[in-house]
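Here is the structure we will look at, set down as structure tokens.
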Amino acid sequence: MAAADIRTPRRVMGLYDKPMWESIDQKAMKLQRCTRCGSFQYPPGPGCPACLSMELEWVPVSGRATILSWVVFHRQYLPAYPAPYNSIAVRLAEGPIMISNLEGEKPSGSWIGERVRLVYATMPDGVVLPRFELDR
């Protein structure tokens, strides 16, 4: 199967996700921030989980993050992700935790605590995904 024929798994599109995915498509990811207490949230939702305010705005993220956890899969589960591939949990500088992949150079030993920065990967089928690379 040619790379262009491999489909990226469909995005999970909840009630509040569209602005986030549109910003990712523009390679300028935005997350919701509470205008009352300043907390960022991911995934998007109807109100602030910290102070319960319903006043949220979409704000660009800095792209800085730290790896909290990681795993390398040595078995292929989906055609778009040939083995070996990795998954990382990162805490964004703004606070939320998200799951993604590490692109490019990999750390030796444990990845936990490594600083990373947001990059955008365009998959063979044109889907843009937020990914991270080491911030060195």
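All values derive from a computational prediction rather than experimental measurement.
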What distance separates Phe132 CZ from Met98 CE, expressed to the nearest 0.5 Å?
5.0 Å
Identify whether the distance between the nearest side-chain nitrogen and carboxylate oxygen of Arg33 and Glu57 falls below 4.0 Å.
yes
Quick one: CD1 on Ile97 to OH on Tyr42, what's the gap to the nearest 0.5 Å?
11.5 Å
Return yes if some donor-acceptor pair links the side-chain N/O of Gln76 with the main-chain N/O of Leu78 below 3.5 Å, else return no.
yes
Are Glu105 and Arg136 within salt-bridge range, i.e. N to O under 4.0 Å?
yes
Is the backbone N or O of Ala89 less than 3.5 Å from a side-chain atom of Ser69, with the two atoms forming a donor-acceptor pair by type?
no
Have Glu114 and Thr66 got a donor and an acceptor in their side chains that come within less than 3.5 Å?
no
From Met29 CE over to Leu129 CG, what is the distance, rounded to the nearest 0.5 angstrom?
11.5 Å
Is Asp125 reaching over with its side chain to a backbone N or O of Thr8, donor-acceptor style, under 3.5 angstrom?
yes
Please report the interatomic distance CH2(Trp58) to CD(Gln32), rounded to the nearest 0.5 Å.
4.0 Å
Go through Glu94 and Arg64 one step at a time and tell me if the salt bridge (Lys or Arg N to Asp or Glu O under 4.0 Å) criterion holds.
CA-CA 8 Å; Glu94 292 79 9; Arg64 296 185 323 273; 5.8 Å; no
Give a yes or no on whether a salt bridge exists between Asp25 and Arg11, defined as a side-chain N under 4.0 angstrom from a carboxylate O.
yes
Any donor and acceptor pair, going by atom type alone, linking the side chain of Lys106 with main-chain N or O of Gly104 inside 3.5 Å?
yes
Pro9 and Val127, any side-chain heavy atoms less than 4.5 Å apart
no
Report yes or no: does Thr35 contribute a side-chain atom to a donor-acceptor pair with the main-chain N or O of Leu56 at less than 3.5 Å?
no
Side chains of Ser87 and Trp70 in contact at under 4.5 Å (non-hydrogen atoms):
no
Without swapping roles, check the side chain of Asn86 against the backbone of Val72 for a donor-acceptor pair under 3.5 Å.
no
